[in-house]
Amino acid sequence: MGPSGRGGAGHPALADTQPGVFWLEQPGRPAPRPALHAPTDADLVIVGGGYSGLWTALLAKERNPDRDVLLLEGGRIGWAASGRNGGFCSASLTHGEANGRARWPDEYDTLDRLGRENLDAIEEAVTRYGIDCDFRRTGELTVATAPHEVDWLRDAAAVGGGEFLDRDAVRAELDSPTYLAGLRDPDGTALVDPARLAWGLAAAAESLGVRVAEGTRVSGMSRDGDGVRLETHTGAVVRARRVALGTNAFPSLLRRVSLHTVPVYDYVLMTEPLTPQQLDAIGWHSRVGVGDSANQFHYYRLTADNRILWGGYDAVYHYGRRVDPRRDQRPETFEKLAQHFFETFPQLEGLRFTHRWGGAIDTCTRFSAFFGTAMGGRVAYALGYTGLGVGATRFGARVMLDLLDGRRSEVTELEMVRRRPLPFPPEPVAWAGIQLTRWSLARADDNAGRRNLWLRTLDRLGLGFDS
Ligand SMILES: Cc1cc2nc3c(=O)[nH]c(=O)nc-3n(C[C@H](O)[C@H](O)[C@H](O)COP(=O)(O)OP(=O)(O)OC[C@H]3O[C@@H](n4cnc5c(N)ncnc54)[C@H](O)[C@@H]3O)c2cc1C
């Protein structure tokens, strides 16, 4: 979507917007669990209280109820990506079918099946543990807003990626004058309330006996006999037989993976609730989650109280790989997002945004998670979800547990699990390369999708940058 003619500073719909994460500010946030201050030990210590850590805790106990499991979270449960995302819980383990087929053509069908089983298992766990996270298996609608994207969607439909919808059919599903075509996947995506999913997973894990400490950042990790010693910034020392790292975009406790991901900031706006008349004006009766098809894409969805979450487009990398809460706000991106919103839904002129926020995603050069072990198999990690980790983190948890248990399984034998992506280069090369890539992707969007020499070279090397 190109820049609109709207000029001036400050979109009027942003006038009363609060900086803050809508999902985390809802009623029902659990009180913080106490930090760990005394030394302790555990069979399995999990670092990180986002979905990666929480699923690992839950599955570890389901597999072996006698295992003593301790989860250490540096901030609050779900405060980071897991509590602030768009809530698209996708079956895809590979950041979409095209990326998966290009990288693992021989095992893509297996990855697709494992991803669908993973999403079914999430739905089943949500029901079994009574997690109140507004889980709705709406599927997903991908829309074309530029002529060349229509062909992409037609091609995707031809290889089983969903049902192709022409302009009238897509506008009957959701009415925007910018839509030229759509691709409807019926059940490969569920929408969730992301923070409530994290809170519910923590409660479920605790109900099975997992100990959870918040406000307990792990500052160092070393071998200790046949186990691992973890130091925390509270001063408590923990001895673990095994460690699972679910630390996402934050600095890794393992030097060997520190160059494999970069934190990329993604931004979101939330509207006030729509009236029934406003909902009728856009006809969003199926409540399907939507994404557009450009390189710089938007994603959007309804909440339980009929707000629209509208995010994406800019994917911002800041020099030096730092995760910094000050980066959660970016006025120029919010302006752009507001403009694009009303270009997409002119029927909603006058609607206001109430919340604006951003967060870091862990981008790797293959756009999908990678896995591994360290310290002679005592420590496992799963990282690099690149903006599509709501569902895939449960799969990552399963992989980490199999690796830590020394178990050869269907998942540990996958090429996707055995091979790791190429790292990003150190600064300043990483910054320069990512800026050039972002610029090239934006140009491709404005140029009928044509990829320049830089992007074609990256494609040939199997490298890239995405959000
Ligand atoms: C704005 C935004 C929108 C997104 N939208 C979607 C979407 O719609 N669909 C989708 O699939 N994905 C989306 N994502 C990505 C998705 O949210 C993540 O892939 C997923 O939440 C990753 O979960 P995680 O547990 O690995 O990481 P996190 O949720 O980031 O959790 C990591 C945790 O580890 C803790 N930690 C780190 N280091 C330490 C340490 N040393 N000691 C103790 N604790 C530590 C952190 O405090 C943090 O709580 C989005 C992300 C963002 C930011």
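Atoms within a ligand are numbered from 1 in the order they appear, just like the ligands themselves.
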Test salt bridge (charged side-chain N to carboxylate O under 4.0 Å, His left out) applied to Arg67 - qualifying residues, sequence neighbours left out: Asp405
Within 6.0 Å of CZ in Arg128, more than 12 heavy atoms from elsewhere: yes
Looking only at N/O atoms, are [X] and ligand 1 under 3.5 Å apart anywhere?
X: Ile361; result: no
X: Tyr51; result: yes
X: Trp357; result: no
X: Pro251; result: no
X: Gly387; result: yes
X: Asn248; result: yes
X: Asp266; result: no
X: Val47; result: no
X: Val390; result: yes
X: Gly391; result: no

Mode of [X] contact toward ligand 1 - side chain, backbone, both, neither (heavy atoms, under 4.0 Å):
X: Tyr385; answer: side chain
X: Leu54; answer: neither
X: Ala360; answer: backbone
X: Trp79; answer: side chain
X: Thr393; answer: side chain
X: Tyr267; answer: neither

Nearest neighbour in protein (non-hydrogen) for [atom]:
atom: atom 26 (O) of ligand 1; answer: Ser52 OG, 2.7 Å
atom: atom 34 (O) of ligand 1; answer: Gly48 CA, 3.3 Å
atom: atom 8 (O) of ligand 1; answer: Phe88 N, 3.1 Å

Heavy-atom contacts with [X] under 4.0 Å: which atoms of ligand 1 show up? List them by number with element.
X: Gly246; answer: 32 (C), 33 (C), 34 (O)
X: Arg217; answer: 40 (C), 41 (N), 42 (N), 43 (C)
X: Thr216; answer: 43 (C)
X: Gly74; answer: 43 (C), 44 (N)

Have a look at Arg239 and tell me which of Asp68, Asp224, Asp43 forms a salt bridge (Lys or Arg N to Asp or Glu O under 4.0 Å) with it. Asp224
Is the charged tip of Arg103 near the ring of Phe367: under 6.0 Å from the six-membered ring centre and within 45° of its axis? yes
What's the shortest heavy-atom distance between Arg242 and Leu404, and which atoms? NE-O, 3.2 Å
Against Arg137, only a single residue in Asp120, Leu191, Thr189 fulfils side-chain contact (heavy atoms from CB on, under 4.5 Å); can you say which? Asp120
Measure the acute angle between the ring planes of Trp310 and Tyr300, then classify it against the limits of 30° and 60° as parallel, tilted or perpendicular. tilted
So is Ser90 touching ligand 1 or not, going by heavy atoms under 4.0 Å? no
How far apart are the C-alpha atoms of Phe342 and His11, what are their side-chain angles, what is the distance that settles it, and do they pass the ring pair (Phe, Tyr, Trp, His ring centres under 6.0 Å) test? CA-CA 10 Å; Phe342 290 106; His11 195 290; 5.2 Å; yes
Could you name each residue pair satisfying ring pair (Phe, Tyr, Trp, His ring centres under 6.0 Å) that touches residues 240-267, not counting sequence neighbours? Trp79-Phe250, His260-Phe370, Tyr265-His318, Tyr267-Phe334
